[in-house]
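Below is one structure. I have some questions about it.
Letters A, B, ... mirror the listed sequences (proteins, then strands); counts begin at 1. Predicted model, so just to flag it, every value in this text is computed and none were measured.
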Amino acid sequence: MNNSHIARVFQDIADLLELKGETPFKIRAYQKAIRSIEQLPVGLDQLRQEGKLRDVPGVGEAIEKKIVELLTTGRLKYYEELRSEFPPGVISLLQVPGIGPKTAMRLSTELGIRSLEELEGAIIDGRVEGLYRLGEKTAENILHHLRSMRTKEQRIPIGTALPLAEEIMASLRQTSPIRNLTPAGSLRRFRETIGDIDLMGTADDGEAVIESFTRLPLVKEVLARGGTKASVVTHRGLQADLRVVEHDDFGSLLQYFTGSKQHNIALRERGQRQGLKLSEYGITTLDDGRLERFSTEEGFYGRLGLEFIPPELREGQHEIERAEEHSIPRLLEPADVKGDLHLHSDWSDGRDSIEAMAVAARGLGYEYIAVTDHSRGLGIAHGLNEERLRAQTSEIRKLNENLHGIRVLSGTEVDIRADGSLDLPDEILANLDVVIAAVHSALSQDEDRMTRRLLGAMENPHVDIIAHPTGRLLGQREPVALGMEAIFRAAARTGTALEINCMPDRLDLRDIHIFRARELGVRLALGTDAHGTEHLSNVRFAVGMARRGWGEARHFLNTMPVEELLAWLRGRGEAKA
DNA sequence: GCCGTTTTCGGCCCGACTGTTTTCAGTCG
């Protein structure tokens, strides 16, 4: 029973308690615990063994007991009893926007509705609008949400959302007098998936800005339009909201709309203890009812005695305590990255030549790149055999004599075969500057086998980096079964770096893994896995993940200057051997 | 159900919108 299973059980419990009409505080207590569990960088089973379950924010005596019961028996008596109190299918009605606990219960008990299909039928038959306090408009509204749930994509990868947001912002800046335009919400916090695009800005003439926004070419439908706010649907079916606020309130509002919800709740609870009431309009002193407004977030946090908290850390975990101590680390920034350690050329399945990749990388201000084409086992990707790899290495040597301002390192992305052996012999690997190893096949192996497979690769003294360790593809493929804690400990022990793969559909390792790996002293490496020059800038997505994992420049290989990096790579090989 | 620079008991974030109301319940972010 892993963390997400347990979180799901608690989510069901929270929903059921809502249906039951339990006190909101009890429900919130569950929700707080759920958020914490979802963001936990270690397994609950491990915390239990260490006796640290109660250290998890929101886990007290009762929830701890329930976690232990779930871990040891795989079941939870309280949950089963609670479920038996309600007709089957009621919980599913809560997924529909506009349907809360009260409505769900009435639909279920008065009309016998047990599923979303039955709900749709009942609305069409006109049975729903007959219920007390449920009119025609409400029924219509529910039907609309019900149908759009089917067609609308749930959350989309940040790799799709951010470029789209930037496109919107660029055209809005051109066509309207908006100032301070910036993303808010999960986009600004750099979550790996985004529900909708939230944008904010200031302007003297808010209405003119809103007007321009709703007329942008990529707007497909205008959902709502007011004097200071509008919601539109863009051509990809993604919703975008714009808020135009007064300059003097910009800090308060940006803070509020950046979230996360849990962060804001924690912040307000803290404010309350200081006799302050926090809202999107500012900070009110409870004694005299005086409202202070803030044009910057720094001012807002400062008023609470906190240092500025980078948006990527605002998840309601420990960031507020750290800001109180003024001990928030200086997080990794794009400018810290001095090179790319994972990319492909037209020697394997890349599109561009090594030289073209090198020139593009130089344009980004890099000092070096490592060419890490696939090994022979990946036939479909034109993997290199020993002979071609030797030829490539000598071409790189020649290239380096003629190239200025950038150094090309020789390397490979060697396949880790199903049996754990590597696809190229050690003597070949020994001649390369950088060796990345990765799993590309037999992805359904069980946890024990897969873990041993990766551990074996890490023990090889020539392997420097493990690429995309969990193999997940966002929204398409689950991560492979892997004992992450064992992987992290082995990586720390052997000095093998783990990659944060920058491909927007991978982002692998993910934020909570980065957090834990770093905690255990694992070195991390940023790799774009670029198959063309245009992919090199994807590094920003991994920088975002790194920041969410509280990563600092010192945790990453790519922040070293080239000579230091080469020395590290050589020294590490010797130490392992 | 959690939790403590007021508290081991008594609090618990804050505001807005919508529809169905005649003063507000329900839902959302």
Side-chain angles (χ1 to χ4, degrees), chain A residues 10 13-37 53-67 78-79 82 93-107 128-142 144-145 184-186 189 194-198 200 223-224 226-229 231 239 241 243 249 252-253 255-284 286-287 291 304-305 314 316 320-321 324-325:
Chain A
F10 287 153
I13 291 177
D15 286 346
L16 290 164
L17 292 175
E18 264 202 295
L19 293 171
K20 199 171 175 173
E22 260 288 359
T23 153
F25 306 114
K26 193 166 174 175
I27 295 158
R28 241 188 60 196
Y30 274 100
Q31 281 161 348
K32 182 172 184 194
I34 291 165
R35 292 290 96 76
S36 288
I37 290 170
L53 279 176
R54 293 285 279 276
D55 293 352
V56 179
V59 174
E61 195 184 339
I63 291 185
E64 179 189 32
K65 267 172 126 175
K66 293 184 173 72
I67 292 172
Y78 173 74
Y79 174 46
L82 195 58
L93 302 181
L94 293 175
Q95 297 166 39
V96 186
I99 297 186
K102 296 287 188 294
T103 313
M105 276 312 280
R106 285 225 309 279
L107 292 169
V128 168
E129 61 189 81
L131 298 182
Y132 175 69
R133 259 186 174 278
L134 273 178
E136 191 184 341
K137 273 197 172 172
T138 308
E140 218 173 83
N141 204 12
I142 292 173
H144 176 74
H145 282 303
S186 51
R189 300 202 313 280
I194 307 297
D196 52 26
I197 294 176
D198 277 316
M200 287 190 50
L223 295 176
T228 60
K229 185 194 149 175
S231 294
Q239 186 175 327
D241 295 347
R243 284 182 182 80
D249 291 326
S252 312
L253 279 147
Q255 195 289 319
Y256 174 76
F257 284 111
T258 296
S260 68
K261 191 174 172 179
Q262 289 299 321
H263 173 81
N264 284 354
I265 290 176
L267 209 57
R268 288 172 192 179
E269 281 170 349
R270 187 172 176 285
Q272 213 171 38
R273 291 196 293 274
Q274 299 172 302
L276 302 170
K277 187 180 68 159
L278 281 53
S279 80
E280 56 265 53
Y281 302 110
I283 299 178
T284 309
L286 288 173
D287 281 346
L291 174 72
L304 300 170
R314 299 183 196 170
I320 295 174
E321 297 161 34
E324 213 162 284
E325 301 162 355

Over all strands shown, is I27(A) touching base, sugar-phosphate only, or nothing at heavy-atom distances under 4.0 angstrom? nothing

E269(A) with R28(A): basic N within carboxylate O range, under 4.0 Å: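 Salt bridge between E269(A) and R28(A), a charged N being under 4.0 Å from a carboxylate O: yes.
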
Looking at every strand, decide which applies to T23(A) at a 4.0 Å heavy-atom threshold: base, sugar-phosphate, or nothing. nothing

What distance, rounded to whole Å, do you find between the two C1' atoms, one in dC13(B) and one in dC3(B)?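 So the two C1' atoms sit 16 Å from each other.
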
Which part of the nucleic acid, if any, lies within contact of K32(A), taking any heavy atom under 4.0 Å across all strands shown: a base, the sugar-phosphate backbone alone, or nothing? nothing

Does E18(A) have any salt bridge (charged side-chain N to carboxylate O under 4.0 Å, His left out) partners at least two apart in sequence or in another chain, and if so, which? none

Could you give the start and end, 5' to 3', of the contact zone on DNA chain B for chain A, using atoms under 4.0 Å from its heavy atoms?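 So the outermost contacting nucleotides come out as dG1(B) to dG29(B).
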
Could you give the distance separating dG29(B) and dT23(B) at their C1' atoms, to the nearest angstrom? 25 Å

May I have all residue pairs that pass salt bridge (Lys or Arg N to Asp or Glu O under 4.0 Å) and include part of residues 55-65 of chain A, sequence neighbours excluded? R54(A)-E64(A)

What contact category does Y256(A) fall into here, base, sugar-phosphate, or nothing, at under 4.0 angstrom with non-hydrogen atoms? base

Contact class for K65(A) vs. all strands (heavy atom < 4.0 Å): base, sugar-phosphate, or nothing?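 It contacts nothing in the nucleic acid.
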
With sequence neighbours left out, what residues match K20(A) under salt bridge (charged side-chain N to carboxylate O under 4.0 Å, His left out)? E85(A)

With rounding to the closest Å, how many angstrom separate the C1' atoms on dA16(B) and dG11(B)?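 dA16(B) and dG11(B) have their C1' atoms separated by 25 Å.
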
Expressed as a whole number of Å, how far does the P atom of dC12(B) sit from that of dC17(B)?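 My reading of the P atoms in dC12(B) and dC17(B) gives 24 Å.
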
Reckon E136(A) touches a base, only the sugar-phosphate, or nothing at all at heavy-atom distances under 4.0 Å?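 Contact class for E136(A): sugar-phosphate only.
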
Determine yes or no for a side-chain-to-main-chain donor-acceptor pair under 3.5 angstrom, with S36(A) supplying the side chain and P57(A) the backbone. yes

Please report the distance separating the C1' of dC14(B) from the corresponding atom of dC9(B), rounded so that it comes out in whole Å. 25 Å

Mind checking salt bridge (charged side-chain N to carboxylate O under 4.0 Å, His left out) for E140(A) and listing every partner two or more places apart, or none if nothing turns up? none

Holding to salt bridge (charged side-chain N to carboxylate O under 4.0 Å, His left out), I want the full list of residues that pass it with R268(A), two or more places apart in sequence or in another chain.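 By the salt bridge (charged side-chain N to carboxylate O under 4.0 Å, His left out) rule, R268(A) matches no residue at all.
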
For L267(A), which contact category applies under a 4.0 Å heavy-atom criterion: base, sugar-phosphate, or nothing? nothing

Contacts of R28(A) and P101(A) projected onto DNA chain B by closest heavy atom; the upstream (5') one is R28(A)

Looking across every strand, which nucleic acid part, if any, lies under 4.0 Å from P97(A) by heavy atom: base, sugar-phosphate, or nothing?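 Answer is sugar-phosphate: P97(A) comes under 4.0 Å of backbone atoms only.
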
Residue matched to dC14(B) through Watson-Crick or wobble contacts both under 3.5 angstrom: dG29(B)

What's the gap between dC2(B) and dT8(B) when it is taken at their C1' atoms, as a whole Å value? 12 Å

Can you check the distance between dC28(B) and dT20(B), where both ends of the measurement are the P atom (answer in whole Å)?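 These two P atoms come out 16 Å apart once rounded.
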
Identify whether any heavy atom of K261(A) sits under 4.0 Å from a base atom; if not, whether one sits that close to sugar-phosphate; answer base, sugar-phosphate or nothing.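 Answer is base: heavy atoms of K261(A) come under 4.0 Å of a base.
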
State, to 0.1 Å, how close L94(A) and P101(A) come at their nearest heavy-atom pair, and which atoms those are.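 In this case the closest contact between L94(A) and P101(A) is CD2-N, 3.6 Å.
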
Of G98(A) and E64(A), the one whose closest DNA chain B nucleotide lies more 5': E64(A)

Whole-Å C1' distance, dG26(B) and dT21(B):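 These two C1' atoms come out 13 Å apart once rounded.
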
